[in-house]
Amino acid sequence: MNLEQELKQATIEIFKEEFGVEISSDAVTLNITKKEHTGDYTVVVFPLIKFSKKSPEQTAEMLGEKLKAKINYVAGYNVIKGFLNLSFTSSYWLNRLQEISTNKSYGTFPASGKKVVLEYCGPNTNKPLHIGHVRNMFLGFSMSEILKANGYDVTKVNIYNDRGIAICKSMVAYIHYGNNSTPQSTGIKGDHFVGDWYVKWNEKAKEELETLNAAKTGDFDEDQKQTNLFKETQEMLLKWEAGDAVTIKLWKQMNEWVFEGFQQTFNLLSIDFQKDYFESQTYMLGKDIVEEGVKKNVFKKRADGAVIIDLTPDGLDEKVLLRSDGTSVYITQDLATAELRNKEFGMDKMIYVVANEQDYHFKVLKLALQKLGHAWAAGIYHLSYALVESPTGRFKSREGKTADADDLISEVLRIAEEKTRELGKTEGFSEEQAAELYQTIGLGALKYFVLRVNPYKKIIFNPEESIDFHGHTGPFIQYTHARVSAIMRKAKDLDVSGFSNLQTLNDVERELIILISEYENVVRAAAEKYDPSEVANYVYSLAKTYNKFYHDFPILNASTEDEKKLRVALSAQTGMLIKKGMKLLGITVPDKM
RNA sequence: GCCUCGGUAGCUCAACUGGAUAGAGCAUCAGUUUUCUAAACUGAGGGUCAUUGGUUCGAGUCCAAUCCGGGGUACCA
C-alpha cells in the first residue's frame with residue numbers, strides 16, 4: 001500500500017471510529033504541501049466537515065491528532081483554515097529513499113499481459129515527412145514507452161498511404177521530366193526526390209491552367225481537374241487499379257525510394273515499428289463487413305444504394321460507409337484493418353495517433369465497430385493532437401521549407417553543434433563522440449520542446465527561437481544528468497548503504513525525496529491520460545530541484561560521512577529517474593556535456 | 001447554422017482534475033565561480049486566468065450565454 005492509500009485509509013478509519021460514518025476514499029483530498037507552508041502532505045478537510053459536523057479547524061485538529069497517534073511516521077501537523085499539513089519523520093523519508101534505491105525496477109510496473117496496438121506516423125508516400133509527422137512520431141513513440149513501463153505489451157504499427165491520385169502525380173511528372181534520374185544519381189534523399197516530382201506536377205498543372213480559357217473557380221483543387229495533366233494522372237490511377245504491369249513497376253520503384261528516405265529519418269529519430277500496413281493492400285477491404293452490418297440491421301442501405309450508419313442517436317450525423325456505386329470510402333477500409341489487427345494481435349487497446357482533424361472520423365469508427373457487436377472496440381482510443389503552427393499561422397507544405405521534417409532536424413542539429421562548440425563542451429571528445437553529443441542534445445531539445453506540451457494544445461513553433469538550450473528544455477535536463485554522472489564517477493567506490501542512520505534532512509533533500517517518491521504516480525498518470533507531457537514536466541521539476549540542491553549543498557564534501565552517503569544516494573537516484581523519465585520520452589541523456 | 005477543441009505574464013507553456021497568495025522558462029534588469037560541470041543558481045519587475053452571469057465554504061478548473069481563433073460538419077484521405 002502506498003503512502004496516499006495509507007493516509008486515506010487511516011482517515012476513513014478515524015471517521016468511522018469517531019463519527020460512525022463510512023466515507024469514500026474520494027472524499028479525502030490529499031495534496032503535496034505547498035512550498036510556503038510547513039509540512040509534506042496536506043489533507044483538505046472541507047469535504048469532510050459534513051461528516052464531522054464540526055468546523056474545518058476543529059475537524060482538522062482532530063484528524064491531525066488521531067493520524068499522529070495512529071501512524072508512527074506522522075511526526076507533527078499544523079492547521080491553517082481547513083488545511084491539515086502533515087509532516088513525516090525524516091526516517092520515513094530516508095527509508096523511502098532506501099527502498100526506492102534498492103528497487104531496480106522502480107517506476108516500471110510488472111507485465112499485465114494486456115496488449116496494445118499503437119498506430120502512428122501514417123505518412124503519404126508522395127512527399128517527405130513534415131513537422132506534423134514529427135509531433136506524431138514523438139508522441140507515438142513516447143506513448144509506447146510509457147505504456148510498456150505500465151506493463152502493457154505494445155505493438156507499434158505504421159500505415160502508409162501509398163496509393164491514390166497523389167502518388168500518381170509524382171509518377172506522371174517523373175515520366176515526363178525525370179529522364180531516368182534516381183536518388184542515387186542526383187544525391188537527393190529518396191522521399192524528397194519523389195516529393196520534388198509532386199511539386200513539379202503542381203507547377204506544370206498551374207502553368208497549363210493559365211493557358212486554358214475555361215472558367216476557373218480560383219480553387220486549385222477544383223480547377224486542376226480541367227488540365228490534361230490531371231486527366232493523364234487519372235488514367236494512370238485507373239491503370240494502377242487495373243494492375244497494369246508498367247505502371248505497377250514504376251509505382252513500386254517510387255515507393256522504394258520513398259521508404260528508403262523515410263527509414264533514414266526514422267533511424268535518426270530512433271523510432272521504429274513492428275509492422276507496416278499499406279493502403280494499397282487494404283483499400284479494397286471492408287465491403288463484406290459493411291454488408292454484414294446491413295444484414296445485422298446496424299447499417300442501412302439507402303434507396304440510392306449507398307450504405308450508411310445513422311449516428312443521430314449518438315449526437316452525430318448519418319455517415320456513408322459505402323458509396324452508391326459500391327466502391328469504398330476512407331472508413332470502409334479502416335473498419336477492415338481494425339478487425340484485421342484485432343484478429344492478428346488480440347489487443348485490449350488500439351491506439352491511433354492521428355491529428356485532431358480526424359476526431360469525427362474516429363468517433364464514427366469506434367461507434368460503428370461497437371454497433372457491429374465488437375466488445376474490443378471499447379478499447380479504441382484516438383490520441384488526438386493539435387497542429388504545429390508557425391507564429392504567422394499554419395505551416396503549409398507549399399510555402400517555404402520550414403515545415404519539412406528533415407530540414408527542421410538538421411537545423412536543430414546544426415544549432416546544437418554550434419552552441420556546444422561555443423561552450424567548449426567537447427574538450428577531450430573524439431570526433432565521433434562529439435558528433436554523437438550534438439545529436440543527443442539537438443534531438444533532445446526538439447523532442448522535449450514538442451512533448452512538454454499537452455497533445456490537444458496546438459504548438460507554436462518558431463524555428464529560430466523555439467530551440468533553446470536553457471531553462472525549461474531538454475538540454476537543461478540532460479545537463480543535470482551529466483552533472484550527476486560526474487558526481488557518480490567520483491563517488492564510484494563509495495558504499496552508500498547506511499545513510500538511513502541520519503536523523504535529519506534539510507528542506508531541499510526532503511523535497512527531492514518526495515519528488516522521487518512521486519515518480520511512479522507520474523508514470524501511471526501519463527498512461528491513463530495518454531499524455532507524455534506529464535512525464536516531461538515532472539522530469540523538469542526533478543532536474544530543477546536537483547540543481548538547487550547541487551548548488552546549495554556540498555555532496556562529496558559533506559560534513560559527515562552519513563550525510564555524504566545520503567547526498568550521493570540522492571544524486572544517484574535523481575540521475576536514474578532523469579534517465580528513465582527521458583527514456584519514456586524517447587530522449588537519451590549524456591554522461592558528459 | 002450545428003458539432004468540437006483552444007483562449008492563463010510581451011513570448012512559449014504549467015497549475016496534481018474544485019483547494020491556500022495562479023507557477024516555470026524565454027526576454028528585460030540586478031547579483032552568484034580559489035570548492036563536486038555557470039547549458040547552473042539567487043533576486044526584481046511583469047496577470048481583469050477572453051467577457052458576463054451562475055453553482056458553493058472555495059472557481060483558471062463545473063454550468064449558461066457572449067466574443068476571438070483552430071478543426072470538423074464530403075459518396076476526399
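Chain naming here is simple, since letters A, B, ... match the order of the sequence lines and numbering starts at 1 in each. Model, not experiment: these values are computed from the prediction.
- Atom P of nucleotide rC76(B) and atom OH of Y360(A) are separated by 15 Å, given to the nearest angstrom.
- The glycosidic torsion of rU34(B) lies more than 90° away from 0, placing the base in the anti range.
- The CG-P distance, from D314(A) to rU73(B), rounds to 18 Å in whole Å.
- W251(A) is not listed as a side-chain neighbour of M236(A), based on a closest heavy-atom distance of 4.5 Å or more.
- Within the nucleic acid shown, Q358(A) comes within 4.0 Å of at least one base atom, counting heavy atoms only.
- For S559(A), the side-chain hydrogen bond (donor to acceptor under 3.5 Å, both in side chains) partners are E563(A), not counting sequence neighbours.
- When the P atom is used for both rC67(B) and rC29(B), the distance is 42 Å, rounded to whole Å.
- rC3(B) and rU66(B) are spaced 11 Å apart, taking the P atom of each and rounding to whole Å.
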Could you list all N or O pairs between the protein and nucleotides 33-37 of chain B that sit under 3.5 Å apart?
from: rC36(B); atom 1: O3'; to: K490(A); atom 2: NZ; distance (Å): 2.8
from: rC36(B); atom 1: O2; to: I555(A); atom 2: N; distance (Å): 3.4
from: rC36(B); atom 1: O2; to: L556(A); atom 2: N; distance (Å): 3.0
from: rC36(B); atom 1: N3; to: I555(A); atom 2: N; distance (Å): 3.1
from: rC36(B); atom 1: N4; to: Y550(A); atom 2: O; distance (Å): 2.5
from: rC36(B); atom 1: N4; to: F553(A); atom 2: O; distance (Å): 2.7
from: rU37(B); atom 1: OP2; to: K490(A); atom 2: NZ; distance (Å): 3.1
from: rU37(B); atom 1: O5'; to: Y550(A); atom 2: OH; distance (Å): 3.4
from: rU37(B); atom 1: O2'; to: Y479(A); atom 2: OH; distance (Å): 2.3
from: rU37(B); atom 1: O2'; to: R483(A); atom 2: NE; distance (Å): 3.0
from: rU37(B); atom 1: O2; to: K425(A); atom 2: NZ; distance (Å): 3.1
from: rU37(B); atom 1: O2; to: M593(A); atom 2: O; distance (Å): 3.2
from: rU37(B); atom 1: N3; to: M593(A); atom 2: O; distance (Å): 2.9
from: rU37(B); atom 1: O4; to: A482(A); atom 2: O; distance (Å): 3.4
from: rU37(B); atom 1: O4; to: D591(A); atom 2: O; distance (Å): 3.4
from: rU37(B); atom 1: O4; to: M593(A); atom 2: N; distance (Å): 3.3

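- Without hydrogens or angle criteria, H382(A) side chain to V354(A) main chain gives a donor-acceptor distance under 3.5 Å.
- Distance, F362(A) CZ to rG71(B) C1': 15 Å, rounded to whole Å.
- We find that D304(A) and R302(A) are joined by a salt bridge, their nearest charged nitrogen and carboxylate oxygen being less than 4.0 Å apart.
- Across rC49(B) and rA9(B), the matching P atoms stand 10 Å from one another, rounded to whole Å.
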Dot-bracket encoding of pairs in RNA chain B, which uses [ ] for pseudoknotted crossings and | for another strand, Watson-Crick or G-U under 3.5 angstrom | (((((((..((((.....[...)))).(((((.......))))).....(((((..]....))))))))))))....
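- Between the side-chain ring of Y540(A) and the base of rA24(B), no stacking contact exists by the 5.5 Å and 30° definition.
- Nucleic acid contact for T42(A): base, since at least one base atom lies under 4.0 Å from a heavy atom of the residue.
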Could you go over nucleotides 11-13 of chain B and give all protein N or O partners under 3.5 Å, atom names and distances?
from: rC13(B); atom 1: OP1; to: K458(A); atom 2: O; distance (Å): 3.2
from: rC13(B); atom 1: OP1; to: I460(A); atom 2: N; distance (Å): 3.0
from: rC13(B); atom 1: O2'; to: R452(A); atom 2: NH2; distance (Å): 3.2

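- Atom P of rC76(B) sits at a distance of 42 Å from the matching atom of rG18(B), rounded to the whole Å.
- For the C1' atoms, the distance from rG53(B) to rU17(B) is 24 Å, rounded to whole Å.
- Contacts of K529(A) with the nucleic acid, taken as non-hydrogen atoms under 4.0 Å apart, include base atoms.
- Rounded to whole angstrom, the span from the CG atom of N31(A) across to the C1' atom of rG18(B) amounts to 11 Å.
- Closest approach to the K34(A) side chain among rG70(B), rA20(B), rC75(B) is made by rA20(B) (side chain taken as heavy atoms from C-beta onward).
- Separating the P atom of rG58(B) from that of rU21(B) is a span of 13 Å, rounded to the nearest Å.
- Note: CD (E418(A)) to P (rA39(B)) measures 16 Å, nearest angstrom.
- The pair E418(A)-R414(A) counts as a salt bridge, with a side-chain nitrogen and a carboxylate oxygen less than 4.0 angstrom apart.
- Among the atoms of the strands shown, base atoms are found under 4.0 Å from some heavy atom of R302(A).
- At a threshold of 4.5 Å between non-hydrogen side-chain atoms, the residues L367(A) and L316(A) count as touching.
- The one candidate from L84(A), T42(A), L3(A), L7(A) that meets the side chain to side chain contact (heavy atoms under 4.5 Å, CB included) condition with L30(A) is L7(A).
- Taking 4.0 angstrom as the limit, K548(A) places none of its side-chain polar atoms (N or O) nearer than this to OP1 or OP2 of rA40(B).
- Aromatic ring orientation, Y538(A) versus Y519(A): tilted (interplanar angle from 30° to 60°).
- In this structure, the salt bridge (Lys or Arg N to Asp or Glu O under 4.0 Å) partners of D314(A), at least two apart in sequence or on a different chain, are K371(A).
- For the residue pair Q333(A)/S328(A), the side-chain donor-acceptor check at 3.5 Å is not satisfied.
- As judged by a 4.0 angstrom heavy-atom cut-off over every strand, P56(A) is placed among residues making no nucleic acid contact.
- Atom NZ in K225(A) sits roughly 9 Å away from atom P in rC76(B) (whole-Å rounding).
- F449(A) has its ring centre less than 6.0 Å from the ring centre of F461(A).
- Taking 4.0 angstrom as the limit, K319(A) places none of its side-chain polar atoms (N or O) nearer than this to OP1 or OP2 of rC75(B).
- Nucleic acid contact class of N85(A) (heavy atoms, under 4.0 Å, all strands): base.
- Here H37(A) lies in heavy-atom contact (under 4.0 Å) with a base.
- Within the 4.0 angstrom heavy-atom criterion, only backbone atoms of the sugar-phosphate kind lie near N547(A); the bases stay farther away.
- In this structure, N158(A) contributes its side chain and G122(A) its backbone to a donor-acceptor pair below 3.5 Å.
- The CG atom of L387(A) sits 12 Å away from the C1' atom of rG72(B) (whole-angstrom rounding).
- Note on F469(A): a base of the nucleic acid sits closer than 4.0 angstrom, heavy atoms only.
- Under the ring pair (Phe, Tyr, Trp, His ring centres under 6.0 Å) criterion, F46(A) pairs with F83(A), not counting sequence neighbours.
- Exactly one residue among N356(A), N136(A), N454(A) makes a side chain to side chain donor-acceptor pair (under 3.5 Å) with Y385(A). That residue is N136(A).
- One atom, NE2 of H470(A), and another, C1' of rA24(B), lie 16 Å apart when rounded to the nearest Å.
- Glycosidic conformation of rU4(B) is anti; the angle lies outside 90° of 0.
- When distances run from any side-chain atom of V44(A) to the nucleotides rG19(B), rU73(B), rC5(B), the shortest one goes to rG19(B).
- Nucleotides rA50(B) and rU61(B) place their C1' atoms 15 Å apart, quoted to the nearest Å.
- Between R421(A) and E417(A) a salt bridge is recorded (basic side-chain N to carboxylate O distance below 4.0 Å).
- At a cut-off of 3.5 angstrom, the base of rC76(B) holds no donor-acceptor pair with the side chain of D221(A).
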